[in-house]
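Whatever order the structure lists ligands and atoms in, that order sets their numbers, starting from 1. Just so you know, these numbers come straight off a predicted model, no measurement behind them.
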Amino acid sequence: MAAGPAGPAAAGPTEADWAAAVAAVRGLPADGRVLLICHVNPDGDALGSMLGFGLGLRRLGVRQLQATFPGPPEVPEPFRALPGLELLVPAAQADPAPDLVICFDAASDSRLGELADRLTGPGTALVLDHHASNTGFGDVNLVDPAAAATSVVAEELLARLGVTLDAGIAECLYVALSTDTGSFRFDATTAAVHEMAARLLATGIRPGDISRRVFDSRPFGAVRLFGEVLGRARLEPGAAAGHGLVWTYATLDDLARHEQRPYVLEALIDPVRCTAEADVSCVVKQTGPGEWAVSLRSKGATDVSRVAVALGGGGHRLAAGFTGRGTVDEVVEQIRAELAVSESSGGAGRPT
Ligand code: AMP
Ligand code: MN
Ligand code: MN
């Protein structure tokens, strides 16, 4: 189907949007086929909101149900105990023409890679997301930029569909909520977030076990790899309008030497962004020859989503990313230059 109305969704979903989403699910034929898709290189929110919602659809009696994401069908180790993993199929096996497609945590269809064509089929496309930059690429768009995670939107839609939380759904939504709030540390951690966490914990899930698996466990090789990569971090106090930039990089060769999979590098931004002297932190992770996945974070003075969007990516004001091309030095120079543009336009630190 054609894309829905494009543009920012600052106010969040309207009652009409919620009603349309409920109708899209309730209107499925008895043997209706549903395909769930989350963004490439899925994180805790992408997988957790998708699988939690999928388990909810199961509870509603949806039987023809697949969950998938573009790229290699590899689930990062921290998420390999998530309930609902049995719903996952490799992208190549995803239903080519489902009755309903539901996308999770993707700000644009470019984040759906080779699966983006599922949105243009005969079925309805429903988008659940919380990126302010969401392009409104679904037929029905539930996009709430005020939500701390896509799982907040997923929980609300499940409630409106009359699905009661069980421990399986709750664990998925809890992983999503805790990862996107940095374990309930970021400013997005509102009273409503803690109220949702309380509803999830009331199902009996064990936050200690979940947090240890998701945040506090990695192979020894990854510990040594982190040591090496952190050892080459650079601090540039004058960058980002004098707010400071800290950055480092990891190559495919680094991964190979320590026998590690690329996803272990997702956690690397956390020790880097601890740097007190820098507002902006950056990790440049090689994904192929001359190709890098770049993670950007800000403590508040800089709008890194503006930088990421200018360089072809996206994200949130304090957490964003893009695909860099060339050498590490060329990629970092592009970031420096964009941070300088931000300063000269007076846009630094202002939400967009
Ligand atoms: P990450 O640094 O990968 O944890 O991503 C931080 C934020 O930036 C997330 O909200 C992502 O959705 C977004 N993001 C990361 N990489 C990209 C990209 N290549 N294109 C668009 N958004 C991205
Ligand atoms: Mn995500
Ligand atoms: Mn998210």
Side-chain angles (χ1 to χ4, degrees), residues 37-53 69-71 75-76 78-79 103-113 116 127-135 137 142-155 172-182 186 188-189 193 196 214-215 247-250 262-273 280-288 291-298 302-325 331 334-335 338 352:
I37 312 176
C38 71
H39 67 70
V40 66
N41 299 325
D43 53 22
D45 189 26
L47 282 169
S49 57
M50 174 171 76
L51 296 178
F53 196 81
F69 52 85
V75 174
F79 309 125
C103 302
F104 296 84
D105 204 36
S108 66
D109 59 358
S110 65
R111 299 280 285 159
L112 304 177
V127 167
L128 273 62
D129 188 35
H130 67 130
H131 291 88
S133 61
N134 191 289
T135 56
F137 58 96
L142 297 180
V143 180
D144 186 358
T150 295
S151 64
V152 173
V153 181
E155 194 217 12
C172 290
L173 299 184
Y174 187 87
V175 165
L177 191 62
S178 61
T179 50
D180 261 28
T181 56
F186 302 155
T189 313
V193 163
M196 174 170 164
V214 171
F215 299 108
W247 63 274
T248 191
Y249 67 94
Y263 61 74
V264 305
L265 297 173
E266 298 309 309
L268 190 58
I269 191 71
D270 290 319
V272 175
R273 70 184 172 80
V280 178
S281 48
C282 171
V283 176
V284 182
K285 298 162 278 192
Q286 189 175 23
T287 50
E291 191 186 273
W292 310 81
V294 182
S295 286
L296 293 167
R297 300 289 185 272
S298 162
T302 313
D303 180 359
V304 288
S305 82
R306 204 204 55 76
V307 173
V309 167
L311 297 173
H316 310 280
R317 199 172 73 82
L318 303 183
F322 68 96
T323 301
R325 298 190 200 280
V331 172
Q334 286 186 319
I335 296 166
E338 275 308 325
T352 50

With a cut-off of 2.8 Å, does Cys38 put an N/O/S atom close enough to the Mn ion (ligand 2)?
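False for Cys38.
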The Mn ion (ligand 2) and Asp43: any N/O/S contact shorter than 2.8 Å?
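Checking Asp43: at least one N, O or S atom is under 2.8 Å.
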Taking the Mn ion (ligand 3) as the reference point, name the nearest N/O/S atom of Asp180.
OD2
With heavy atoms of [X] as the reference, note each atom of ligand 1 found under 4.0 Å away.
X      : result
His316 : 10 (O)
Ser295 : 1 (P), 2 (O), 3 (O)
Thr323 : 19 (N)
Gly313 : 20 (N), 21 (C)

His39 (side chain) donor-acceptor with Arg111 (main chain) under 3.5 angstrom:
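Answer holds: no.
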Run the contact test for Arg297 against ligand 1 with a 4.0 Å cut-off on heavy atoms, strictly below, and give the result.
yes
Nitrogen or oxygen atoms of Leu296 and ligand 1 under 3.5 Å apart:
no
Are any of the N/O atoms on Gly314, whether in the backbone or the side chain, positioned under 3.5 angstrom from an N/O atom of ligand 1?
yes
Angle at the Mn ion (ligand 2), NE2 of His39 to OD2 of Asp105, rounded to 10 degrees, please.
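Approximately 90° at the metal, rounded to tens of degrees.
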